[in-house]
Structures are given as C-alpha cells and as structure tokens.
Amino acid sequence: MKLQCDVEVVNRMLPSFGMKSRGKGVRAVVSIGKHLDKSSQRSTIYMMICTAKDRTGSKFKLRGNIEKFFTWFVEEGKATVRLKDPAVDVCLSKADANSLKNFLSAARLADRGSDTSSLPLSTLTPVRARDVEQPRKKLSVMSKKDYPLTSNFPYSLELLQVSYCKLSRVDMRMLSLKALRRLDLSNNHIKKLPATIGDLSCLSELILHNNHLEAFSEALCLSTLQQTLQVLDLSQNRLQSLPTQFCQLRELMNLKLEDNKLVGLPFQIGRLSKLRFLSAAHNELTVLPADFFKLSLENLDLFGNPFIQPNPLDHSMQLAFPLPLQEIASRAVASLRIPYGPHLIPAHLCGDLEAAKTCECGRVCINFFVKTAVSMNLHQVSHTVVLVDDMGGTDAPVQQHFCSLSCYSAFLDSCLQRGLR
C-alpha cells in the first residue's frame, strides 16, 4: 500500500520546548509494509515515509501504536495519523481522496494486528527521485515521440497542452485530471469530443484549434462547463452548426469559431452576456440571429462570410389563420414566463419554447411568424469591429421576426417613411 501526498511529521513535544512546527508538508511517498527485525527475526508492519531529502525513508511501527485518526477533511485529501511512540502526528495532505481512504483503512487493520494476509502490503524500499518530486502544474507535449504511452499524466496538472501528436480522439487519462484548468489539444486529428470532458469541474479554457471536429455535443453544453468555461477555441474545424444548448455556456468570455463551415450562429447567442471576444470569420454565414443585438463585445471579427444584402421586402412567411391552439398556448407560456420542463410537457414543446422569437412589438412567436433581414452596424454590439468585407463595411444582416402580418406591415411602413426622408 503506497500513497503519494504531502507529509509533515509534527513532534508533539515541540510546544513544551517553546518551539513550533514548520506548518508545511513536503512531497512524499508513504508506504505500509513488512520489515524484518534482525534482533527478533520477526516481521513487523511499519509505515515508511520517503521524501526527496530522505529517499531511504523513516519507519514508524504501526501495530498497537496508533493513538487516533483525524479524518474530518478526508474528502479534501487531508488526514492526520497520531502515533504513540514516537509522539508525532503524521499530517497527510494533497492526496487523492479515494487512495487516502484505502491507505487509512490499511493503517487501521495494521494497528489492530489483523491477519496480514488481508493487507495490501508494499515492499519497504527506497523510492525513485521522480516519485517524490513536487506536483507538476504544467505539461506540454509537442510531438508524438514525447507522448506518454506507458506512464500516466501527473494527477496535479492544471495546464496541459498536447499538440502535433496526431491524436484522433481525446485520451481518457486526461479526463481524470480533476485540477485541470486549461486543456489545449490544438493541431491534432480529433473528430469527436467525449461528454466526460464536462466532468472536469475546474476547466476554464478549452483549446481545440485545427482538429477535425464535426459537432459540439449537447451534453457538453449541459455539463459543469456551464459554470466554469470562459475560453473556447473551435477554430479551423469542420463544424456546420452549434446546438441550441450552446448558449447555456454563459461564463464564456472568448469564443473562436473562425475557419469552419458554420451556416448559422446559435439562435440565442444573446444569452452569452459575458462574451467579450467573438471571432467567426471565414464561415458560411449569410445572416446573423436576431439575438445578436443583445451582445456587448469588445472585439468582433466576421470577415469573409457570404452575407446577403438585406431587403425588408424579401421575406418568408410561416403563418396560419387562425393560429393553431398549440401556437397560442406556447406564446402564452413564453410571454407570461410560466415555468415548464420535460416533466410537465413533451420534450419537443420544450425545444420549441427555448427557440421562441421576439417580434418588434414585444410579443413572442414560436413556430408561426414572418421572417426577414435588416441591416445592422456591428459597432452597435462591439467596441472594435474587423471589417466585414474588402469594401471596408461594418454592416451585416440580422434576422427579424414578426408575430403577425400587421406587425410586418407596420415595419414596412416605417422603412418606407425613413426612405422618403
């Protein structure tokens, strides 16, 4: 039984001499195993602590020698083992919580003198230098020959970059790095993202530049990334669309989508209220979603998209007279903000309500509306705008929805009056 963690051995007699402990642990390997006592020729179970300064290790007898366990913070990887002789407290920290629990269970059995055959004992030998190094926070692997095939990624990593390694999928070992804050998998051949990336509860930056991604899954949008993800780079992939749920990633501040095949941006992109940098250059965008008006950006780049020339007279009409009862009811639910969910109404109706459009009059429409496009100067939503085309323009077409023919007619009248002026 071995445990990698930080260890501080505190002598309980120090206060009586007016002294204090350092209060800081060092990286160590703590083992439980048998050691042959040469004088008695008996094997005794010891706990051995090996550090970088003492790789041969210090041994402490366990049987009948543990006064108390302190395990209040075991879920945080912390615990203390109080020994009787010598009078020391072995303070363990920065350990994997499950490994720590198993280690403490083995220590309890050894203290009680249980049958040693049931204990997962280790050989008490000096450790390698790399086993007691300080935890690594950063790791960059920039070629296939340097990729770790036989060893794990250090559990303590916060920043991991694996580029130019021709990865076709995400290595599942990366998904056990619970402290990871930045994951850079740029310049590989990844086609699909596992939903378990969403289990990286500290992840704030995900860099997937220049891969072969064809989709960004709904599961990722509904994972813990909703609370943590601030930077997302999906540039130079093969994306044609993003899911409606994408706008649940409301902590996003920087979003890079350039050089894909996107034919549209998420309809509810205005929900990304913290978004400050957006790049969607060189895609297949012809018009921006109506929600685009709600953004408040510092920098916007939409260069190289085949935007249409907006004409209010060009429209598509999805109306019925009278409106179906489902449309009337759905509009009422959306307008009155009545709570709903798949536990109350069918899932497809929830999807319809999530995609509700707002008419210029302020009323809501769901599946029946008149749709056209209007021109918007992008400086209305961004402080800095990269030119939309080679002609130096900063205008782009934005979708506009109308809940009825009368609203659309009023809009055309206002356009005509502005033209006459």
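No hydrogens, no waters, no symmetry mates; every other heavy atom, side chains included, goes into these values.
- When side chains are defined from C-beta on, Q227 does not count as touching S201, because their heavy atoms never get closer than 4.5 Å.
- With hydrogens and angles disregarded, a donor-acceptor distance shorter than 3.5 Å links the side chain of D184 to the backbone of S186.
- Side chains of L285 and L262 form a contact here, defined as non-hydrogen atoms less than 4.5 Å apart.
- Side-chain atoms of S168 do not come within 3.5 Å of backbone N or O of H189 as any donor-acceptor pair.
- Within a 6.0 Å sphere centred on NE2 of H383, heavy atoms belonging to other residues, nucleotides or ligands number 12 at most.
- Looking at heavy atoms from C-beta onward, L378 lies in side-chain contact with F292 at the 4.5 angstrom threshold.
- Judged as a ring-ring contact (aromatic ring centres under 6.0 Å, His included), the pairs with a partner in residues 303-324 (not counting sequence neighbours) are, in order, H282-F303, H315-Y408.
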Original post:
Should F246 and L232 be marked as a side-chain contact (heavy atoms from CB on, under 4.5 Å) after you check the CA-CA gap, both sets of side-chain angles, and the distance that decides it?
Top reply: CA-CA 11 Å; F246 187 85; L232 177 60; 3.7 Å; yes
Original post:
Given V10 and T80, is the side-chain contact (heavy atoms from CB on, under 4.5 Å) satisfied, shown in steps?
Top reply: CA-CA 10 Å; V10 180; T80 297; over 6 Å; no
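- Look at R181 and E158 and you find a salt bridge, because one of the NZ, NE, NH1 or NH2 atoms lies within 4.0 Å of a carboxylate O, short of that distance.
- S143 and D146 share a donor-acceptor pair across their side chains, judged by distance under 3.5 Å alone.
- More than 12 non-hydrogen atoms from other residues, nucleotides or ligands lie less than 6.0 angstrom from CZ of R250.
- Around atom CZ of R276, more than 12 heavy atoms belonging to other residues, nucleotides or ligands sit under 6.0 Å away.
- A donor-acceptor pair shorter than 3.5 Å cannot be found between the side chains of N237 and S235.
- Atoms NZ and OG, from K137 and S156 in turn, are 6.0 Å apart once rounded to the nearest 0.5 Å.
- Other residues, nucleotides and ligands contribute more than 12 heavy atoms inside 6.0 Å of the NZ atom of K59.
- Here the closest heavy-atom approach between residue Q326 and residue L349 is recorded as NE2-CD2, 3.3 Å.
- When side chains are defined from C-beta on, L387 counts as touching T394, because their heavy atoms get closer than 4.5 Å.
- Remark: L185 CG to L167 CG distance equals 7.0 Å, nearest 0.5 Å.
- In terms of heavy atoms, K78 sits closest to L100 at N-CD2, 3.6 Å.
- Every residue meeting the side-chain contact (heavy atoms from CB on, under 4.5 Å) condition with E214, not counting sequence neighbours, appears here in chain and number order: R238.
- Within 6.0 Å of OH on Y164 lie no more than 12 heavy atoms contributed by other residues, nucleotides or ligands.
- The distance from the OG atom of S204 to the CD atom of Q230 is 5.5 Å, given to the nearest 0.5 Å.
- Q226 places a side-chain N or O within donor-acceptor distance of the main-chain N or O of C221, the cut-off being under 3.5 Å.
- The two residues L200 and L175 come nearest to each other via the heavy atoms CD2-O, 3.6 Å.
- Using modelled atom types, one side-chain atom of N305 and one backbone atom of N283 make a donor-acceptor pair closer than 3.5 Å.
- Of all the heavy atoms in T372 and F411, the pair that sits closest is CG2-CE2, 4.2 Å.
- To the nearest 0.5 Å, atoms CD (Q245) and CG (L220) are separated by 11.5 Å.
- Using a 4.5 Å heavy-atom cutoff, the side chains of F69 and V74 are not in contact.
- Counting non-hydrogen atoms of neighbouring residues, nucleotides and ligands closer than 6.0 angstrom, the CE atom of M376 exceeds 12 such neighbours.
- Between V364 and A356 the shortest heavy-atom distance is CG1-CB, 3.7 Å.
- Residues C407 and R363 form a side-chain contact, since some pair of their non-hydrogen atoms from C-beta on lies under 4.5 Å apart.
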Subject >> Audit row: I32, F103, side-chain contact (heavy atoms from CB on, under 4.5 Å) steps and yes/no >> reply: CA-CA 8 Å; I32 296 177; F103 182 86; 3.6 Å; yes
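- Residue K357 places its NZ atom among more than 12 non-hydrogen atoms of other residues, nucleotides or ligands, all under 6.0 Å distant.
- Once rounded to the nearest 0.5 Å, the distance linking CE of M253 with CG of L275 reads 9.0 Å.
- Under the rule for a salt bridge (Lys or Arg N to Asp or Glu O under 4.0 Å), K166 has no partner lying at least two apart in sequence or in another chain.
- Counting heavy atoms from C-beta on, the side chains of L193 and L208 come closer than 4.5 Å.
- For the atom pair OG of S382 and CZ of F277, the computed distance is 9.0 Å after rounding to the nearest 0.5 Å.
- Between the side chains of N210 and N187, a donor-acceptor pair is found at a separation under 3.5 Å.
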Subject >> Pair L353-I366, side-chain contact (heavy atoms from CB on, under 4.5 Å): steps then yes or no >> reply: CA-CA 7 Å; L353 287 165; I366 310 297; 4.2 Å; yes
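- N367 places no side-chain N or O within donor-acceptor distance of the main-chain N or O of D352, the cut-off being under 3.5 Å.
- The shortest distance between side-chain heavy atoms of Y155 and S176 does not fall below 4.5 Å.
- The minimum heavy-atom distance between P266 and P289, with the atom names listed, is O-CG, 3.6 Å.
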